[in-house]
Asks: 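Sharing a structure here in structure tokens format.
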Amino acid sequence: MLGRGKQRAQIALLCLFLVSACAQKILPPDSFMQHDIHTDTFTLRIYQKLTNSTAVIKIYIEGDGNAFDGWGHPTSDPTPRDDFMQRLAFEDPSPNVVYIARPCQYIKDPICTETDWTTARFSKKAVDASAEVIKQIVDRRPMILIGFSGGAQIAGLVAVLHLEINVKKLITIAGNLNHPEWTRMKNLPPLNQSLDLNLYKEEYNKFPQIHYVGTEDSVIPIILTAEFINNPERIIIIPNAKHGKGFESINHLIWEEN
């Protein structure tokens, strides 16, 4: 028989598994339709609500998800374990809202390898796949790109590398805009198979933009955003907010963007 200590540990692990599993199965409102959209490379999971043919389209781009485990090892499935970005999108009352997952999240795509959510998470094929999905859904209609964590890097790269997409504004939440500096600061392996937004700062700065950062965010410290943006008028600091937690006070600000 198992000792009580081992039983408790197994129960705790089971509870953690169940919580994680539930977090991956957030049910969208009836107004949202789920699609798996095929591109030249990845298949991406999206949820969309498009009810007004003339209003701006809000596109929420997911973060890096569960790319690494608690010991710093790559996981076998990068699907997010939290529902921060999905809830923000699903609760947005705007008439046109689209949530886009990152490559290899939610879908068992045979093309996916561990590299795609680690060192190549911002690769050209990842950026192009997101851009292709956006064009299939939106075409040339005006849109606002909203990126969380690593999704901010994807949003920025889509905007600067795909000018055929009509990006009206960029919004980031705890955005990883400078991954080379981030990996140096965190003593992580460089994302050497990824594109780098630093190379397109002049083009990036031309877009209207706003960046939300949390004072308690240990994943993406404020200094990273402040140094990259170099314009305090474009940065809004949220007291006590951590990475993906404590940002509820800005929900209405994002939902009211148009």
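Residue numbers count from 1 along this sequence. Source: prediction; values computed, not measured.
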Asks: Between Lys49 and Ser31, is any side-chain donor less than 3.5 angstrom from a side-chain acceptor?
Replies: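 On atom types as modelled, these side chains do not qualify, holding no pair under 3.5 Å.
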Asks: Got a donor-acceptor contact below 3.5 angstrom from the Thr39 side chain to the Phe42 backbone?
Replies: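 Such a contact is found between Thr39 side chain and Phe42 backbone.
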Asks: Trp117 side chain to Ser76 main-chain N or O, any donor-acceptor pair under 3.5 Å?
Replies: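 Looks like no, no N/O pair under 3.5 Å.
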Asks: What's the separation between atom CD1 in Ile250 and atom CD1 in Ile173, rounded to the nearest 0.5 Å?
Replies: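 Reported to 0.5 Å precision, the distance equals 4.5 Å.
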Asks: Can you sort out the partners of Lys124 under salt bridge (Lys or Arg N to Asp or Glu O under 4.0 Å), two or more places apart, ordered by chain and number?
Replies: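 Lys124 satisfies salt bridge (Lys or Arg N to Asp or Glu O under 4.0 Å) with Asp128 only.
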Asks: Could you list all the side-chain hydrogen bond (donor to acceptor under 3.5 Å, both in side chains) pairs where at least one residue sits in residues 129-138, not counting sequence neighbours?
Replies: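 Every side-chain hydrogen bond (donor to acceptor under 3.5 Å, both in side chains) pair that includes a residue of residues 129-138, provided the two are not neighbours, is Lys135-Glu164.
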Asks: Does a side chain donor of either Asn52 or Thr54 reach within less than 3.5 Å of an acceptor in the other side chain?
Replies: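 There is such a pair (donor and acceptor under 3.5 Å, judged by atom type) between the side chains of Asn52 and Thr54.
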Asks: Taking side-chain hydrogen bond (donor to acceptor under 3.5 Å, both in side chains) as the definition, give me every residue that meets it alongside Gln209, ordered by chain and number, with sequence neighbours left out.
Replies: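 Gln209 satisfies side-chain hydrogen bond (donor to acceptor under 3.5 Å, both in side chains) with His211 once adjacent residues are dropped.
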Asks: If only atom types and distance count, is the side chain of Arg234 paired as donor or acceptor with the main-chain N or O of Asn231 below 3.5 Å?
Replies: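 Between the backbone of Asn231 and the side chain of Arg234 there is no qualifying donor-acceptor contact (under 3.5 Å).
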Asks: Can you confirm whether Asn192 is buried at CG, in the sense that more than 12 heavy atoms of other residues, nucleotides or ligands lie under 6.0 Å from that atom?
Replies: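 It does: Asn192 CG has more than 12 such atoms within range.
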Asks: Salt bridge between Asp64 and Arg102, side-chain N to carboxylate O under 4.0 Å?
Replies: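 So Asp64 pairs with Arg102 through a salt bridge.
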Asks: Give the minimum heavy-atom separation between Lys201 and Glu227, together with the two atoms involved.
Replies: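 Looking at all heavy atoms of both residues, the shortest contact is NZ-O, 4.2 Å.
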Asks: Has Lys169 got more than 12 heavy atoms of other residues, nucleotides or ligands less than 6.0 Å from its NZ?
Replies: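 Count over threshold, so yes.
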Asks: Identify the two heavy atoms, one from Thr43 and one from His38, that lie closest to each other, and give their separation to 0.1 Å.
Replies: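 Result for this residue pair: OG1-ND1, 2.8 Å.
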Asks: Test: ring pair (Phe, Tyr, Trp, His ring centres under 6.0 Å). Region: residues 231-258. Which pairs qualify, not counting sequence neighbours?
Replies: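 Of all non-adjacent pairs touching residues 231-258, those that pass ring pair (Phe, Tyr, Trp, His ring centres under 6.0 Å) are Phe148-His243.
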Asks: If I compare all heavy atoms of Thr41 with all of Ile111, which pair ends up nearest, and what's the gap?
Replies: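 The answer is O-CD1, 3.7 Å.
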Asks: So, Asn166 side chain and Arg140 main chain: donor-acceptor pair closer than 3.5 Å or not?
Replies: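 It does hold such a pair.
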Asks: Let me know which of Val133, Leu50, Ile61 forms a side chain to side chain contact (heavy atoms under 4.5 Å, CB included) with Val98.
Replies: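 Among Val133, Leu50, Ile61, the one that satisfies the side chain to side chain contact (heavy atoms under 4.5 Å, CB included) with Val98 is Leu50.
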Asks: Determine whether a donor-acceptor pair (N or O, by modelled atom type, separation under 3.5 Å) exists between the side chain of Gln105 and the backbone of Gly63.
Replies: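 Yes, Gln105 side chain to Gly63 backbone: donor-acceptor pair under 3.5 Å.
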Asks: Is the backbone N or O of Ile100 less than 3.5 Å from a side-chain atom of Glu62, with the two atoms forming a donor-acceptor pair by type?
Replies: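 No, Glu62 side chain to Ile100 backbone: no donor-acceptor pair under 3.5 Å.
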Asks: Verify, without hydrogens or angle tests, whether Asn96 (side chain) and Thr51 (backbone) share a donor-acceptor contact under 3.5 angstrom.
Replies: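 Judged by distance alone, yes, a pair lies under 3.5 Å.
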Asks: Would you say the side-chain atoms of Thr115 pair up with the backbone N or O of Ala120, donor to acceptor, closer than 3.5 Å?
Replies: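 Judged by distance alone, no pair lies under 3.5 Å.
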Asks: In the structure I gave you, are the side-chain heavy atoms of Met185 and Pro221 within less than 4.5 Å of one another anywhere?
Replies: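 They are in contact (side-chain heavy atoms under 4.5 Å apart), so the answer is yes.
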Asks: Rounded to the nearest 0.5 Å, how far does CD1 of Ile165 lie from CD1 of Ile134?
Replies: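 So the CD1 of Ile134 and the CD1 of Ile165 are separated by 5.0 Å.
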Asks: If every non-hydrogen atom of Asp217 is compared with every non-hydrogen atom of Ala174, which pair is closest and at what distance?
Replies: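 Nearest pair, atom of Asp217 first, then Ala174: OD2-CB, 3.3 Å.
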Asks: How long is the gap from CD1 on Ile144 to NZ on Lys168, to the nearest 0.5 Å?
Replies: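 Going from the CD1 atom of Ile144 to the NZ atom of Lys168 covers 5.5 Å.
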Asks: Using side-chain heavy atoms (C-beta onward) and a distance below 4.5 Å, is Asn178 in contact with Pro180?
Replies: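 In contact.
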Asks: Take Glu203 and Lys206 through the salt bridge (Lys or Arg N to Asp or Glu O under 4.0 Å) test and state the conclusion after the steps.
Replies: CA-CA 6 Å; Glu203 297 92 332; Lys206 293 176 182 177; over 6 Å; no
Asks: Do any N or O atoms from the side chain of Asp77 and from the backbone of Thr79 form a donor-acceptor pair under 3.5 angstrom?
Replies: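 Pair found, side chain donor or acceptor close to backbone of Thr79.
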Asks: Flag the pair Tyr47 / Met33 as yes when at least one side-chain heavy-atom distance between them is below 4.5 Å, and no otherwise.
Replies: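 Result no, sub-4.5 Å side-chain heavy-atom pair not found.
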Asks: Drop me the distance from Asn240's CG to Thr215's OG1, to the nearest 0.5 angstrom.
Replies: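 If I round to the nearest 0.5 Å, the distance is 5.0 Å.
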Asks: Just jot down the ring-ring contact (aromatic ring centres under 6.0 Å, His included) partners of Phe32, sequence neighbours excluded, or say none.
Replies: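 In terms of ring-ring contact (aromatic ring centres under 6.0 Å, His included), with neighbours along the sequence ignored, Phe32 is linked to Phe90.
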Asks: Under the 3.5 angstrom rule, does the side chain of Gln153 hit a backbone N or O of Leu197 as a donor-acceptor pair?
Replies: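 Yes.
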Asks: Between Glu114 and Pro74, which heavy-atom pair has the shortest distance, and what is it?
Replies: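 For Glu114 versus Pro74, the nearest heavy atoms are CD-CB, 3.3 Å.
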Asks: If you define the side chain from C-beta out and look only at heavy atoms, does anything of Ile107 sit under 4.5 Å from Asp36?
Replies: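 Result yes, sub-4.5 Å side-chain heavy-atom pair found.
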Asks: Sorted by first residue and then second, give each ring pair (Phe, Tyr, Trp, His ring centres under 6.0 Å) pair with at least one member in residues 162-190; sequence neighbours left out.
Replies: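 Residue pairs passing ring pair (Phe, Tyr, Trp, His ring centres under 6.0 Å), neighbours aside: Phe122-His179.
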